[in-house]
Amino acid sequence: MYTYIKAEKEAIVVNRIILFDGECNFCDSSVQFIIKRDRNARFHFASIQSNIGQKLLTDLQVSPHLDSLILIENGQWHSQSTAALYISRNLNGGWKLLSALLLVPKPMRDIIYKFIAKNRYKWFGKKEACMLPSTEIRKRFLS
(Lines give C-alpha, C1' and ligand atoms only; values in the text may rest on other atoms or scores of the structure.)
Protein backbone atom coordinates (compact mmCIF):
# COMPACT_ATOMS: atom_id res chain seq x y z
CA MET A 1 0.00 0.00 0.00
CA TYR A 2 1.07 3.51 -0.62
CA THR A 3 -0.08 6.48 1.43
CA TYR A 4 -0.35 9.55 -0.72
CA ILE A 5 -0.52 13.02 0.84
CA LYS A 6 -2.41 15.49 -1.32
CA ALA A 7 -1.44 19.14 -1.45
CA GLU A 8 -4.28 19.96 0.93
CA LYS A 9 -2.60 17.62 3.48
CA GLU A 10 -5.37 15.06 3.10
CA ALA A 11 -3.93 11.56 3.33
CA ILE A 12 -5.39 8.81 1.22
CA VAL A 13 -4.33 5.18 1.07
CA VAL A 14 -3.89 3.94 -2.47
CA ASN A 15 -3.67 0.19 -3.16
CA ARG A 16 -3.38 0.25 -6.96
CA ILE A 17 -1.55 2.89 -8.98
CA ILE A 18 -1.10 2.82 -12.73
CA LEU A 19 1.89 4.73 -14.06
CA PHE A 20 1.50 5.59 -17.74
CA ASP A 21 3.25 7.61 -20.42
CA GLY A 22 1.50 10.97 -20.20
CA GLU A 23 2.65 11.99 -23.68
CA CYS A 24 1.31 8.93 -25.50
CA ASN A 25 -2.13 9.03 -27.16
CA PHE A 26 -2.47 5.24 -26.95
CA CYS A 27 -1.59 5.30 -23.24
CA ASP A 28 -4.11 8.08 -22.60
CA SER A 29 -6.79 6.11 -24.43
CA SER A 30 -5.86 3.07 -22.34
CA VAL A 31 -6.32 5.08 -19.14
CA GLN A 32 -9.74 6.27 -20.36
CA PHE A 33 -10.62 2.65 -21.20
CA ILE A 34 -9.66 1.55 -17.67
CA ILE A 35 -11.58 4.38 -15.99
CA LYS A 36 -14.78 3.44 -17.85
CA ARG A 37 -14.49 -0.20 -16.79
CA ASP A 38 -13.27 0.39 -13.23
CA ARG A 39 -16.66 1.17 -11.73
CA ASN A 40 -15.39 0.64 -8.18
CA ALA A 41 -12.55 3.14 -8.68
CA ARG A 42 -9.87 0.64 -7.63
CA PHE A 43 -7.13 2.34 -9.65
CA HIS A 44 -5.39 5.67 -9.25
CA PHE A 45 -3.21 7.11 -11.99
CA ALA A 46 -0.03 9.13 -12.43
CA SER A 47 2.00 9.87 -15.49
CA ILE A 48 5.53 8.55 -15.44
CA GLN A 49 6.73 12.08 -16.29
CA SER A 50 5.06 13.64 -13.21
CA ASN A 51 6.90 14.33 -9.96
CA ILE A 52 4.88 11.65 -8.15
CA GLY A 53 5.51 9.19 -11.00
CA GLN A 54 9.26 9.79 -10.79
CA LYS A 55 9.18 9.49 -6.98
CA LEU A 56 7.34 6.17 -7.19
CA LEU A 57 9.85 4.82 -9.72
CA THR A 58 12.70 5.83 -7.40
CA ASP A 59 11.01 4.45 -4.26
CA LEU A 60 10.37 1.10 -5.97
CA GLN A 61 13.82 1.06 -7.61
CA VAL A 62 12.31 0.78 -11.07
CA SER A 63 14.57 1.83 -13.92
CA PRO A 64 13.49 5.22 -15.26
CA HIS A 65 14.28 3.83 -18.72
CA LEU A 66 11.68 1.06 -18.52
CA ASP A 67 9.37 1.79 -21.46
CA SER A 68 6.20 0.32 -20.01
CA LEU A 69 2.92 0.73 -18.30
CA ILE A 70 3.53 0.03 -14.61
CA LEU A 71 1.03 -1.27 -12.08
CA ILE A 72 1.84 -0.78 -8.42
CA GLU A 73 -0.33 -3.06 -6.34
CA ASN A 74 0.04 -3.46 -2.57
CA GLY A 75 3.67 -2.30 -2.63
CA GLN A 76 4.74 -4.55 -5.54
CA TRP A 77 5.13 -3.47 -9.14
CA HIS A 78 4.45 -5.15 -12.45
CA SER A 79 5.28 -3.99 -15.96
CA GLN A 80 4.56 -4.72 -19.59
CA SER A 81 2.05 -7.49 -20.35
CA THR A 82 1.90 -8.61 -16.72
CA ALA A 83 0.75 -5.14 -15.63
CA ALA A 84 -1.87 -5.01 -18.39
CA LEU A 85 -3.24 -8.44 -17.52
CA TYR A 86 -3.31 -7.75 -13.77
CA ILE A 87 -5.23 -4.56 -14.54
CA SER A 88 -7.71 -6.47 -16.72
CA ARG A 89 -8.54 -8.89 -13.90
CA ASN A 90 -9.85 -5.93 -11.87
CA LEU A 91 -12.07 -4.47 -14.58
CA ASN A 92 -15.80 -4.94 -14.82
CA GLY A 93 -17.21 -7.24 -17.46
CA GLY A 94 -15.53 -9.92 -19.49
CA TRP A 95 -12.14 -8.18 -19.38
CA LYS A 96 -11.30 -10.34 -16.35
CA LEU A 97 -11.01 -13.31 -18.72
CA LEU A 98 -7.88 -11.81 -20.30
CA SER A 99 -6.01 -12.53 -17.08
CA ALA A 100 -5.99 -16.20 -18.19
CA LEU A 101 -3.21 -15.10 -20.56
CA LEU A 102 -0.97 -14.92 -17.48
CA LEU A 103 -0.53 -18.66 -18.11
CA VAL A 104 1.38 -17.82 -21.30
CA PRO A 105 5.10 -17.40 -20.52
CA LYS A 106 6.02 -13.76 -19.92
CA PRO A 107 8.69 -13.62 -22.66
CA MET A 108 6.11 -14.66 -25.24
CA ARG A 109 3.53 -12.15 -23.97
CA ASP A 110 6.07 -9.36 -23.83
CA ILE A 111 7.08 -9.78 -27.49
CA ILE A 112 3.67 -8.41 -28.47
CA TYR A 113 3.71 -5.77 -25.72
CA LYS A 114 7.17 -4.50 -26.73
CA PHE A 115 6.18 -4.37 -30.41
CA ILE A 116 3.20 -2.14 -29.61
CA ALA A 117 5.21 -0.03 -27.15
CA LYS A 118 7.98 0.52 -29.70
CA ASN A 119 5.53 1.74 -32.34
CA ARG A 120 2.96 3.59 -30.21
CA TYR A 121 4.13 7.13 -31.06
CA LYS A 122 4.34 6.31 -34.77
CA TRP A 123 0.87 4.74 -34.84
CA PHE A 124 -1.02 6.89 -32.32
CA GLY A 125 1.08 10.07 -31.93
CA LYS A 126 1.95 12.17 -28.90
CA LYS A 127 -0.35 14.36 -26.84
CA GLU A 128 -0.22 18.09 -27.38
CA ALA A 129 -2.53 18.81 -24.42
CA CYS A 130 -3.97 16.94 -21.47
CA MET A 131 -7.63 16.01 -21.08
CA LEU A 132 -9.70 17.83 -18.47
CA PRO A 133 -11.37 15.09 -16.44
CA SER A 134 -14.41 15.60 -14.27
CA THR A 135 -13.85 16.43 -10.61
CA GLU A 136 -14.66 12.86 -9.58
CA ILE A 137 -12.16 11.34 -12.01
CA ARG A 138 -9.56 14.03 -11.26
CA LYS A 139 -9.44 12.72 -7.65
CA ARG A 140 -8.03 9.46 -9.02
CA PHE A 141 -5.01 11.18 -10.60
CA LEU A 142 -2.03 11.64 -8.31
CA SER A 143 0.02 14.77 -8.74
Side-chain angles (χ1 to χ4, degrees), residues 1-118 120-121 123-127 129-143:
M1 280 194 260
Y2 179 75
T3 301
Y4 172 68
I5 310 292
K6 291 174 117 178
E8 302 87 40
K9 302 294 184 208
E10 172 190 351
I12 59 172
V13 176
V14 178
N15 292 326
R16 294 180 185 96
I17 301 170
I18 296 173
L19 298 179
F20 65 97
D21 181 348
E23 298 176 343
C24 167
N25 283 328
F26 179 71
C27 303
D28 180 65
S29 295
S30 298
V31 167
Q32 298 309 312
F33 178 90
I34 293 165
I35 288 170
K36 287 179 185 172
R37 288 152 185 85
D38 179 23
R39 293 189 198 114
N40 296 323
R42 294 178 181 109
F43 295 106
H44 285 77
F45 305 89
S47 78
I48 289 174
Q49 294 86 353
S50 69
N51 289 337
I52 190 72
Q54 289 296 302
K55 181 178 181 338
L56 287 166
L57 291 177
T58 301
D59 290 352
L60 294 167
Q61 299 177 340
V62 178
S63 169
H65 305 293
L66 181 63
D67 191 18
S68 174
L69 169 79
I70 297 170
L71 170 64
I72 303 167
E73 189 171 29
N74 298 318
Q76 305 229 337
W77 63 275
H78 307 282
S79 64
Q80 300 179 339
S81 64
T82 303
L85 294 173
Y86 278 10
I87 290 167
S88 73
R89 75 176 178 189
N90 287 287
L91 299 179
N92 294 95
W95 299 104
K96 293 174 184 357
L97 299 174
L98 287 176
S99 65
L101 292 172
L102 288 164
L103 297 172
V104 174
K106 181 173 173 43
M108 289 176 64
R109 288 186 276 122
D110 283 347
I111 287 171
I112 297 167
Y113 185 95
K114 288 174 185 177
F115 179 73
I116 294 169
K118 179 180 175 185
R120 70 185 186 273
Y121 292 139
W123 294 340
F124 303 100
K126 284 189 170 188
K127 295 205 72 57
C130 296
M131 66 157 198
L132 294 174
S134 67
T135 305
E136 190 62 32
I137 291 175
R138 197 173 310 137
K139 291 177 187 177
R140 296 174 61 190
F141 284 81
L142 308 177
S143 58

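Nothing fancy with the numbering, it's 1 onward along the sequence. Quick caveat: nothing in here was measured; it's all calculated off a predicted structure. Reckoned from all heavy atoms, side chains included, excluding hydrogens, waters and symmetry mates.
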Q. Salt-bridged, D67 to R120, with N to O below 4.0 Å?
A. yes
(Q) For K96, I'd like to know if atom NZ has over 12 heavy atoms of other residues, nucleotides or ligands within 6.0 Å. (A) yes
Q | Inter-residue atom distance I52.CD1 - H44.NE2, 0.5 Å rounding | A | 11.5 Å
Q: Please report the closest heavy-atom contact between K106 and S81, naming both atoms and the distance.
A: O-OG, 4.5 Å
Q: Measure the shortest side-chain to side-chain distance between F26 and W123 over non-hydrogen atoms and say whether it is less than 4.5 angstrom.
A: no
Q | Shortest non-hydrogen contact from L60 toward W77 | A | O-NE1, 3.6 Å
(Q) Looking at every non-hydrogen atom in both residues, tell me the closest pair between S47 and S50 and how far apart they are. (A) O-OG, 2.7 Å
Q | Side-chain heavy-atom pair Y113, S68 within 4.5 angstrom cut-off | A | yes
Q | Salt bridge K114-D110, side-chain N to carboxylate O under 4.0 Å | A | no
Q. How many angstroms lie between atom OG of S88 and atom CG of L71, to the nearest 0.5 angstrom?
A. 10.5 Å
**Q.** Heavy-atom check, side chain of N92 versus side chain of K36, under 4.5 Å
**A.** no
Q) Do I111 and F115 come within less than 4.5 Å of each other through their side chains, counting heavy atoms only? A) no
**Q.** Euclidean distance, C27 SG relative to I48 CD1, rounded to 0.5 Å
**A.** 7.5 Å
(Q) Quick check against the 3.5 Å criterion: does R140 have a side-chain atom that pairs as donor or acceptor with the backbone of F43? (A) yes
Q: Kindly say whether W95 contributes a backbone atom to a donor-acceptor pair with the side chain of R37 at under 3.5 angstrom?
A: no
Q. Do F33 and I87 have side chains that get closer than 4.5 Å, going by heavy atoms?
A. no
Q) Ignoring hydrogens and geometry, is there a side-chain-to-backbone donor-acceptor pair from Q80 to L69 under 3.5 Å? A) no
Q. Around atom CG of L101, are there more than 12 heavy atoms of other residues, nucleotides or ligands at under 6.0 Å?
A. yes
Q.
Going by side chain to side chain donor-acceptor pair (under 3.5 Å), K55 matches just one of T58, D59, N51. Which one?
A. D59
Q | Min side-chain heavy-atom separation L91-I34 under 4.5 Å | A | yes
Q. Taking R109 for the side chain and V104 for the main chain, is one N or O donor matched with an acceptor at less than 3.5 Å?
A. yes
Q | CG on L56 to CD1 on I72, rounded to 0.5 Å | A | 4.5 Å
(Q) Using only atom types and a distance under 3.5 Å, with no angle test, would you say the side chain of K126 pairs donor to acceptor with the backbone of N25? (A) no
Q.
Between E73 and N15, does the side chain to side chain contact (heavy atoms under 4.5 Å, CB included) criterion hold? Intermediate values first, please.
A. CA-CA 6 Å; E73 189 171 29; N15 292 326; over 6 Å; no
(Q) Does D21 form a side chain to side chain contact (heavy atoms under 4.5 Å, CB included) with Q49? I'd like the steps, not just the answer. (A) CA-CA 7 Å; D21 181 348; Q49 294 86 353; 2.8 Å; yes
Q: Please examine the side chains of C24 and Y121, heavy atoms only from C-beta on, and report whether any two atoms are closer than 4.5 Å.
A: yes
